[in-house]
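Atoms considered below: every heavy atom in the structure, side chains included; atoms not considered: hydrogens, waters and symmetry mates. Only a predicted model underlies this, so the values are computations on that prediction, with no experimental measurement involved. Each chain gets a letter, A, B and so on, in the order its sequence line appears, and its residues count up from 1.
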2 protein chains.
Amino acid sequence: MAKKVPIDFVDERLNQGLAKTGLRFTAQRRHIYNTLLQKRDHPSAEEVFMRAKAEMPELSMATVYNTLDTLVKCGLIRQVTHDRGPTRYCSNLQKHHHFYCNECNGVFDIDVDPETGEPEFHMPPGFTISHWEILFRGVCPECNAKKNGAGSSRS
Amino acid sequence: MAKKVPIDFVDERLNQGLAKTGLRFTAQRRHIYNTLLQKRDHPSAEEVFMRAKAEMPELSMATVYNTLDTLVKCGLIRQVTHDRGPTRYCSNLQKHHHFYCNECNGVFDIDVDPETGEPEFHMPPGFTISHWEILFRGVCPECNAKKNGAGSSRS
DNA sequence: ACTGGATTTGGAATAATTCCAAGTCTTGAC
DNA sequence: GTCAAGACTTGGAATTATTCCAAATCCAGT
Ligand SMILES: [Mn+2]
Ligand SMILES: [Mn+2]
Ligand SMILES: [Zn+2]
Ligand SMILES: [Zn+2]
């Protein structure tokens, strides 16, 4: 049960991510990010807090929320909210989709087919699908118009 | 700005849906369902409450939550939760996908291409996509095993 | 009309997240 | 190295969204 992800790797990734946005590398951010990488299930903020606090007892919930938001903004983790209940976080950056179990509320990664690359995917055996849908994120026409019209120079 | 959806149609649909599960047809359920059908954006429970209460002042928030859950169970509406923040509700039963605007937090229906039927879709002009993913719902292998093994007779 | 169960209601309770102000740490300028 | 400014963390309060609960009401069947 040794660490699966070497800490050097964690540090480098985190550094890269933070650098892009001019944020600092801190002990808390490092520890929380590392915690997320060591067990790639889809923990809630509360779960992350408990796991991380075990090794860093002074850690506060506020910092966990702050850091999770930061990591999402840096593109180092994904936010997963597909049902009522606490938001989950995903540290698997490979392109993948999600399966949500209606019985146990578990979230599972569904990898894309490495051959065909895109929307083709393995559905691991044993899963029963009752519904699926595509979720797009981006900017709607109205907001795009607003941004272009106002001609702001940002992003 | 007359009612777009005739009340007879609403009543019939609701009756059918409720019948399946042996639930009663009530004034509140009718009114809330009708409210949802008249404006097919993706309102939160709070928004549904405000709209519905305008014409039925005694209506309570608890009933709105109860009824929304009921309608979801009956398959008359869909629950839409793709971000932090209040759950939204969708009364469009046509097969469609969702677009979530990162700027205004709006939710938009993305219809499937009527020709090809399935995963092909029109992306209406003006939308900018930054990310998309497929969301599956159903039962995971472990829960399937539990259900089959236990051999209970229910659903 | 009467009864049992379903439904509605207002308010309390809980869960999840956000906000805030005070303390601490880090970085860059001197 | 010292110092100031800004970034970061922290505990707790506040807010938001939802759920829970017990009492009142409604309804269907008898
Ligand atoms: Mn994932
Ligand atoms: Mn919709
Ligand atoms: Zn499951
Ligand atoms: Zn928008």
Side-chain angles (χ1 to χ4, degrees), chain A residues 11 14-15 17-35 42-74 76-77 79-89 105 107, chain B residues 11 14-15 17-35 42-74 76-77 79-89 105 107:
Chain A
D11 285 0
L14 181 53
N15 248 323
L18 292 171
K20 283 187 298 191
T21 40
L23 298 168
R24 290 185 185 159
F25 184 101
T26 69
Q28 287 86 344
R29 284 174 179 165
R30 176 196 207 189
H31 181 57
I32 291 170
Y33 184 46
N34 188 41
T35 301
H42 295 81
S44 65
E46 183 70 32
E47 287 163 340
V48 173
F49 178 56
M50 291 191 300
R51 290 179 198 173
K53 196 178 177 84
E55 301 184 10
M56 186 183 260
E58 341 72 53
L59 186 68
S60 75
M61 190 72 213
T63 296
V64 171
Y65 273 107
N66 290 340
T67 300
L68 289 171
D69 282 352
T70 298
L71 293 175
V72 169
K73 274 192 203 104
C74 293
L76 291 169
I77 61 175
Q79 220 173 321
V80 179
T81 45
H82 292 321
D83 64 321
R84 235 174 234 176
T87 298
R88 319 281 197 91
Y89 296 87
N105 296 355
V107 174
Chain B
D11 284 0
L14 180 53
N15 249 323
L18 293 172
K20 281 187 298 192
T21 41
L23 298 167
R24 289 186 187 161
F25 184 101
T26 69
Q28 288 88 342
R29 286 173 177 165
R30 175 198 208 189
H31 181 56
I32 290 170
Y33 184 48
N34 188 42
T35 300
H42 296 81
S44 64
E46 183 70 33
E47 286 164 341
V48 172
F49 178 56
M50 291 192 300
R51 289 179 198 173
K53 194 177 176 88
E55 300 184 11
M56 186 183 262
E58 343 71 54
L59 187 67
S60 76
M61 191 70 211
T63 297
V64 171
Y65 273 106
N66 289 341
T67 300
L68 288 171
D69 282 353
T70 298
L71 294 175
V72 169
K73 273 193 205 102
C74 293
L76 291 169
I77 62 176
Q79 220 173 319
V80 179
T81 46
H82 292 319
D83 63 321
R84 238 174 231 176
T87 298
R88 319 282 196 92
Y89 296 87
N105 297 354
V107 173

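- Take the nearest nucleotide of DNA chain C for B/T67 and for B/R84: the residue whose nucleotide is more 5' is B/T67.
- The two residues B/R30 and B/L14 have their closest heavy-atom pair at CA-CD2, 3.4 Å.
- Looking at the side chain of A/S60, the nearest of the listed nucleotides D/dA7, D/dA17, D/dG11 is D/dG11.
- You'll find that the side chain of A/Y65 is closest to C/dA16, out of D/dT18, C/dA16, D/dC27.
- Residue B/R29 contributes atom CZ, which lies 12 Å from atom P of D/dC27 at whole-angstrom precision.
- Going from atom OH of A/Y89 over to atom P of C/dA16 covers 12 Å, rounded to whole Å.
- Atom CG of B/N66 is separated from atom P of C/dG10 by 13 Å (rounded to the nearest Å).
- In this model, the phosphate group of D/dC8 is not approached by any side-chain N or O of A/T26 to a distance below 4.0 Å at OP1 or OP2.
- Atom pair A/H31:NE2 and D/dT10:C1' shows a separation of 16 Å (rounding to whole Å applied).
- The distance from atom CZ of A/F49 to atom C1' of D/dT10 is 10 Å, rounded to the nearest whole Å.
- In the set C/dC19, C/dT8, D/dT18, C/dT8 carries the atom at the smallest distance from any side-chain atom of B/T63.
- Comparing C/dT8, D/dT10, D/dG6 against the side chain of A/R24 picks out D/dG6 as the nearest.
- For A/T87, no side-chain nitrogen or oxygen approaches OP1 or OP2 of C/dA16 to under 4.0 Å.
- Nearest heavy-atom pair, B/G17 versus B/C74, reported as atom, atom and distance to 0.1 Å: O-SG, 3.6 Å.
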Legend entry - Residues B/K73, B/T21; criterion side-chain contact (heavy atoms from CB on, under 4.5 Å); working and verdict: CA-CA 9 Å; B/K73 273 193 205 102; B/T21 41; 5.8 Å; no
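- Between A/R24 and A/L18, the closest heavy-atom pair is O-CD1, 3.3 Å.
- In this structure, the CG atom of B/D83 is 16 Å from the P atom of D/dT16, given to the nearest Å.
- The distance between atom CE of B/M61 and atom P of D/dA17, rounded to the nearest whole Å, is 10 Å.
- Distance from the side chain of A/D69 is smallest to C/dT18 among C/dT26, C/dT18, C/dT17.
- When all heavy atoms of A/Y89 and A/A45 are compared, the closest pair comes out as CE1-N, 4.0 Å.
- When the nucleotides D/dT9, C/dT27, C/dT9 are ranked by their closest atom to the side chain of B/E58, C/dT9 comes out on top.
- In this model, the phosphate group of D/dC26 is not approached by any side-chain N or O of B/Q28 to a distance below 4.0 Å at OP1 or OP2.
- Looking at the side chain of A/P86, the nearest of the listed nucleotides D/dT10, C/dA16, C/dC25 is C/dA16.
- Rounded to whole Å, atom P of D/dA17 lies 11 Å from atom CZ of B/R88.
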